[in-house]
Engineer: 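After the structure tokens below, expect a handful of questions from me.
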Amino acid sequence: MVNPLSRISSFVILTLCVATISSLELQPKPRNTAPAVLFDPKYGTHKFATINGIRLHYVEAGDRTKPLMVFVHGFPDFWYSWRYQIPEFSKDYWTVAIDMRGYAWSERSTEEKDYVLPCLIGDLKALIKYLNRKKCVLVSHDWGTLIASAFIARNRHMVYKYILMGAPPRKVFKQLLDESTDQRNKSSYILVFLSRGVAESILQVNDYAFLSLFYKNEDLDVYKYVFSQPGALTAGLNYYRANFSLKKGKLDFVEIDGDNDDLDGKNGMYILGGKDPYMSQLSLNATAKEYPKMRVTVIPNAGHFLQQEESEITNNLIRDFLGPASEIHFK
């Protein structure tokens with residue numbers, strides 16, 4: 001049997017190519033000052049909430065009397081992932097873009113057990129209650145989608161409509177990992193992420209050069225600042241380490257008590273980039289089959305970070321799906 005850790009994905013291979021092998025810089029540069037763009041008022045106001053035993057940071061914008069729209073990011077990301085959505089949707093919604101536990105300015109636990117899915121679901125539920133709302137529109141990407149779909153399955157009454165991007169509902173993702181060679185190959189980078197210390201060393205090479213695969217110019221400076229902070233990279237990787245495992249050489253989700261991934265799908269939409277290198281296009285049909293009432297669509301020229309790469313198309317799809325905000329009964 002081939003050692004699964006030897007099958008390094010395109011993600012890691014590209015990372016090592018970006019790093020100039022002849023001049024490796026294993027120690028990242030210190031960054032003590034946050035880039036000014038993070039405090040641009042067009043993105044809203046920075047706030048903190050101590051909930052579910054942890055202090056979370058979030059950015060809010062828009063009118064508090066309007067329906068609540070919550071944005072949930074993935075890896076390697078944080079609230080800034082939604083910089084193209086916040087100005088657009090805060091016209092009609094009270095938008096809240098959160099830093100999930102461990103990310104950016106949210107509190108970072110050093111214990112992997114504090115990043116298990118029930119804790120992440122609990123954070124989301126507690127934040128919505130903290131904001132004094134019973135329901136919200138939930139918009140998610142990547143890891144945020146796995147958290148959001150699990151949250152919705154357990155708290156359907158708290159979500160008016162939801163948008164999943166870059167990853168299908170958790171139940172479908174589990175099926176693909178079990179049945180699809182294409183998805184296992186695309187997810188093989190996770191095998192590296194599970195290697196404590198090794199993954200951190202790889203991702204720090206040449207001053208976090210892997211981030212240049214996804215971000216450029218000013219945005220690259222922002223992401224390097226955030227992920228170069230003490231413990232930030234490990235915290236993001238702990239999402240994988242706490243929730244994935246190897247079973248008989250195959251990647252799988254860690255089982256949790258009372259696991260429930262059932263969605264009715266009627267209030268949900270799944271959007272995938274047509275050029276996504278980490279999520280199989282098979283997830284489109286698999287999601288449509290599992291949840292016939294869910295709207296499933298693809299943005300042909302988008303990669304994994306579709307809400308940033310094709311922001312206008314993404315925003316239009318979300319608006320069309322949600323309909324007029326004035327028709328949302330949220331109180």
Side-chain angles (χ1 to χ4, degrees), residues 34 38-64 66-90 93-109 114-152 154-155 158-167 222-223 225-227 229 231-232 235-236 238-239 242-243 305 307-308 318 330:
L38 288 173
F39 305 101
D40 191 322
K42 72 180 180 182
Y43 297 129
T45 305
H46 293 257
K47 295 194 174 182
F48 291 87
T50 299
I51 54 173
N52 200 28
I54 198 164
R55 189 171 187 250
L56 294 185
H57 169 260
Y58 64 95
V59 175
E60 70 166 28
D63 187 341
R64 282 184 167 223
K66 292 183 177 180
L68 174 64
M69 178 181 285
V70 176
F71 294 100
V72 190
H73 66 83
F75 177 88
D77 244 318
F78 64 113
W79 74 263
Y80 190 71
S81 167
W82 307 106
R83 62 194 177 279
Y84 298 109
Q85 284 68 52
I86 294 170
E88 174 62 26
F89 290 100
S90 60
Y93 296 86
W94 175 26
T95 60
V96 171
I98 64 177
D99 283 335
M100 295 299 290
R101 62 168 61 201
Y103 283 94
W105 290 297
S106 286
E107 187 176 345
R108 274 191 272 283
S109 171
D114 291 333
Y115 296 90
V116 294
L117 191 59
C119 289
L120 307 176
I121 295 171
D123 289 348
L124 198 52
K125 184 174 183 177
L127 180 64
I128 295 169
K129 289 186 175 180
Y130 173 86
L131 296 171
N132 200 29
R133 288 297 177 87
K134 294 180 179 179
K135 303 187 76 166
C136 72
V137 172
L138 197 55
V139 184
S140 60
H141 175 254
D142 187 73
W143 249 110
T145 283
L146 300 180
I147 299 164
S149 62
F151 169 81
I152 295 161
R154 294 157 178 78
N155 303 280
M158 296 182 70
V159 179
Y160 175 73
K161 284 188 176 182
Y162 59 94
I163 295 93
L164 313 175
M165 291 186 279
V222 166
Y223 279 87
Y225 167 78
V226 167
F227 284 99
Q229 299 309 300
N238 279 343
Y239 278 62
N243 296 288
F305 299 88
Q307 80 276 30
Q308 302 174 58
I318 293 173
F330 60 91

Engineer: I need the minimum non-hydrogen distance between Trp82 and His141, along with the two atoms involved.
Structural biologist: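 Where Trp82 meets His141 most closely, the heavy atoms are CH2-CB, 3.7 Å.
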Engineer: Hey, mind stepping through Phe89 and Val137 against side chain to side chain contact (heavy atoms under 4.5 Å, CB included) and telling me if it holds?
Structural biologist: CA-CA 11 Å; Phe89 290 100; Val137 172; over 6 Å; no
Engineer: Give me the atom names and distance for the closest heavy-atom approach of Leu56 to Ser106.
Structural biologist: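 Closest heavy-atom pair between Leu56 and Ser106: CA-OG, 3.4 Å.
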Engineer: How long is the gap from OG on Ser81 to OH on Tyr103, to the nearest 0.5 Å?
Structural biologist: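 Result: 11.0 Å between the selected atoms.
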Engineer: Side chains of Ile121 and Asn155, heavy atoms from C-beta outward: is any pair under 4.5 Å?
Structural biologist: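 Result yes, sub-4.5 Å side-chain heavy-atom pair found.
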Engineer: Which value, rounded to the nearest 0.5 Å, describes the distance between Arg64 atom CZ and Arg133 atom CZ?
Structural biologist: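 Rounded to the nearest 0.5 Å, the CZ-CZ separation comes to 9.0 Å.
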Engineer: Nearest heavy-atom pair of Gly74 and Asp142: which atoms, and what distance?
Structural biologist: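 That closest heavy-atom pairing would be CA-OD2, 3.5 Å.
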Engineer: I want to check something: taking the side chain as every heavy atom from C-beta on, are Lys42 and Arg83 in contact at a cut-off of under 4.5 Å?
Structural biologist: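 When only atoms from C-beta onward are counted, Arg83 and Lys42 do not touch, as no gap falls below 4.5 Å.
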Engineer: Taking Lys47's backbone N and O only, do any of them form a donor-acceptor pair with Glu60's side chain (distance below 3.5 Å, no angle check)?
Structural biologist: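 Checked: no pair found.
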Engineer: Take Arg108 and Gln229 through the test side chain to side chain contact (heavy atoms under 4.5 Å, CB included) and record every step on the way to the result.
Structural biologist: CA-CA 11 Å; Arg108 274 191 272 283; Gln229 299 309 300; 3.9 Å; yes
Engineer: Nearest 0.5 angstrom please: Leu131 CG to Ile98 CD1, how far?
Structural biologist: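 If I round to the nearest 0.5 Å, the distance is 9.5 Å.
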Engineer: Nearest 0.5 Å please: distance from the NZ atom of Lys161 over to the CD1 atom of Ile318.
Structural biologist: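 That separation rounds to 12.5 Å.
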Engineer: Relative to the ring of Phe39, is the ring of Trp105 parallel (under 30°), tilted (30 to 60°) or perpendicular (over 60°)?
Structural biologist: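 Answer is tilted, since the angle falls between 30° and 60°.
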Engineer: Please report the interatomic distance OH(Tyr43) to CD1(Ile86), rounded to the nearest 0.5 Å.
Structural biologist: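 Tyr43 atom OH to Ile86 atom CD1 measures 8.0 Å (nearest 0.5 Å).
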Engineer: Working note: Trp143 + Val72, criterion side chain to side chain contact (heavy atoms under 4.5 Å, CB included); need CA distance, chi angles, decisive distance, verdict.
Structural biologist: CA-CA 8 Å; Trp143 249 110; Val72 190; over 6 Å; no
Engineer: If the test is side chain to side chain contact (heavy atoms under 4.5 Å, CB included), which one of Leu124, Leu68, Ile163 qualifies with Leu138?
Structural biologist: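 One option only clears the test, and that one is Leu124.
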Engineer: Please report the shortest heavy-atom distance between Lys66 and Trp94, naming the atom on each side.
Structural biologist: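 Heavy-atom minimum between the residues: O-CB, 3.9 Å.
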Engineer: Answer yes if the ring centres of Phe71 and Tyr93 are under 6.0 angstrom apart, and no otherwise.
Structural biologist: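 No, too far apart.
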Engineer: Parallel, tilted or perpendicular: which fits the ring planes of Tyr239 and Tyr115, with parallel below 30° and perpendicular above 60°?
Structural biologist: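 Correct class here is tilted.
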Engineer: I want to check something: taking the side chain as every heavy atom from C-beta on, are Pro67 and Tyr160 in contact at a cut-off of under 4.5 Å?
Structural biologist: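 Not touching, per the 4.5 Å side-chain cut-off.
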Engineer: If you take all heavy atoms of Leu120 and Ile147, which pair is closest and at what distance?
Structural biologist: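 The answer is CD1-CD1, 3.8 Å.
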Engineer: For the OG1 atom of Thr145 and the CZ atom of Phe151, what is their distance to the nearest 0.5 Å?
Structural biologist: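 Going from OG1 on Thr145 over to CZ on Phe151, the span is 14.0 Å.
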Engineer: Considering all heavy atoms of both residues, which atom of Arg101 and which atom of Asn52 are nearest to each other, and what is their separation?
Structural biologist: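 For Arg101 and Asn52, the tightest heavy-atom pair comes out as NH2-ND2, 3.7 Å.
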Engineer: Decide if the gap between the ring center of His73 and the ring center of Tyr80 is smaller than 6.0 angstrom.
Structural biologist: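 Judged by ring-centre distance (under 6.0 Å), His73 and Tyr80 do not meet the cut-off.
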Engineer: Is a donor on one side and an acceptor on the other found under 3.5 Å between the side chain of His57 and the backbone of Trp79?
Structural biologist: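 No, the answer is negative, given that no donor and acceptor are paired below the 3.5 Å cut-off.
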Engineer: Between Val222 and Phe78, is there a side-chain heavy-atom distance shorter than 4.5 Å?
Structural biologist: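 They are in side-chain contact.
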